[in-house]
Amino acid sequence: MPTDAPTPAGPTLRPATLAVTVGRPAHEPDAPLNAPITMASTFVAGGDIEYGRHGNPTWTALEEAIGALEGGRCLTFASGLAAVATVLDLVGQGAKVVAPRHAYNGTVMQLADLEARGRLRTELVDITDTDAVVAACDGAALVWLESPTNPALEVADIPTIRAAAHAAGAYVVVDNTFATPLLQRPLEDEVDLVVHSATKYLAGHSDVLMGAVCTRDEELLRVLKGRRDLVGAVPGAFEAWLTLRGLRTLHVRLERAQANAAELVRRFREHPAVGEVRYPGFGAIISVVMAEGALAADLLTRKTSLWVHATSLGGVESTFERRRRWKSEPATIPDGLVRLSVGIEDVEDLWADLVRALDDLVLPG
Ligand SMILES: *Cc1c(COP(=O)(O)O)cnc(C)c1O
């Protein structure tokens, strides 16, 4: 499909322009301005698609846009975890995978499930301990990074770990969901694969599940596309269309959400009900550890009216939850940790809602 914006190989436009323009039809009279949705399970024979599991023009438009932002080629999937599963399936039987001890729960659970069934071996690492991660690369087939991590918000030294992993002959994958390609482009650090839960910031409106994988390696792209065709972990056309519509405003949403987050971090640090504030210095996810522990965290998430007690993240709406309410959350995550996904509302309203609840949690004396 011809587009009016450059491919990653073409002249470079800045990310905000890419987000708005890539994947649009050519500027011809009466052409729709944006890629229309193609609802089709079957296509007339003789072309490249033939059947709806192999391709869809709406996916293509979305894949061009995400690929341009990450600086590589993109494949979209039915969900972030469908993308994770397809990438993990790259490793051979019994191979070693290095992964963060703190990461998105679904990823850690997939690894545990694969290990329990003898499919692969995992070595879980503290990604902030670069020496330990580098040592763990020895004998690995794949090194999985998430940076910042969920929900500890730890940051990895991607270039150093990437070099060690490649020296060991391992693929390097970065789950870039929290940072988005606007704040971090791991393919530029020669990482092999970038994974996204596009459900979060890329789509941005808490109304769709979508996954994506990006790479500069044409052979990996071909293998992953083959796996996607075979297992059918494909997105719906409507979901792809909604995600692309959301992606058009990614830069504006993220700018506001990040500014709100930075302001809330400053205020949390001053509040006596908050024991610790974790924020990597960029993005719009904050974790706070309540001074009085789990009960205070649970009370906080029930006492607000604007902030919604809900899992997930990356939408325009501000949401939060105590992470240890999930049985799958590791015990190394503090019991009283609340992860906040800061939205794009007015920051004064967000703080007023929080501070009413926080003030109630300060014990007298
Ligand atoms: C949500 C999430 C996933 C899983 O994506 P789904 O779209 O929910 O399947 C993977 N990684 C991270 C960092 C996430 O936040």
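Values reported hereafter were calculated over all heavy atoms of this structure, with side chains retained and with hydrogens, waters and symmetry mates removed. Every number for a ligand or one of its atoms is a count from 1 in the order of the listing.
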Pair Glu218 + Arg222, salt bridge at N-O below 4.0 Å = no
Does a sphere of radius 6.0 Å around CZ in Arg325 hold more than 12 heavy atoms from other residues, nucleotides or ligands, not counting ones at 6.0 Å or beyond?
-> yes
Are the side chain of Ser197 and the backbone of Gly211 linked by a donor-acceptor contact shorter than 3.5 Å?
-> no
Quick one: do Arg24 and Glu64 make a salt bridge, cutoff under 4.0 Å?
-> no
Any Lys/Arg nitrogen of Glu329 or Lys327 sitting under 4.0 Å from an Asp/Glu carboxylate oxygen of the other?
-> no
Considering only NZ, NE, NH1 and NH2 on the basic side and carboxylate oxygens on the acidic side, decide whether Glu270 and Arg267 come within less than 4.0 Å.
-> no
Which atom pairs, nitrogen or oxygen on both sides, join ligand 1 and the protein at under 3.5 angstrom?
unit_1: ligand 1; atom_1: 5 (O); unit_2: Ser197; atom_2: OG; d: 2.9
unit_1: ligand 1; atom_1: 7 (O); unit_2: Gly80; atom_2: N; d: 2.8
unit_1: ligand 1; atom_1: 7 (O); unit_2: Ser197; atom_2: OG; d: 2.9
unit_1: ligand 1; atom_1: 7 (O); unit_2: Thr199; atom_2: OG1; d: 2.6
unit_1: ligand 1; atom_1: 9 (O); unit_2: Gly80; atom_2: N; d: 3.1
unit_1: ligand 1; atom_1: 9 (O); unit_2: Leu81; atom_2: N; d: 2.8
unit_1: ligand 1; atom_1: 11 (N); unit_2: Asp175; atom_2: OD2; d: 2.6
unit_1: ligand 1; atom_1: 15 (O); unit_2: Lys200; atom_2: NZ; d: 2.7

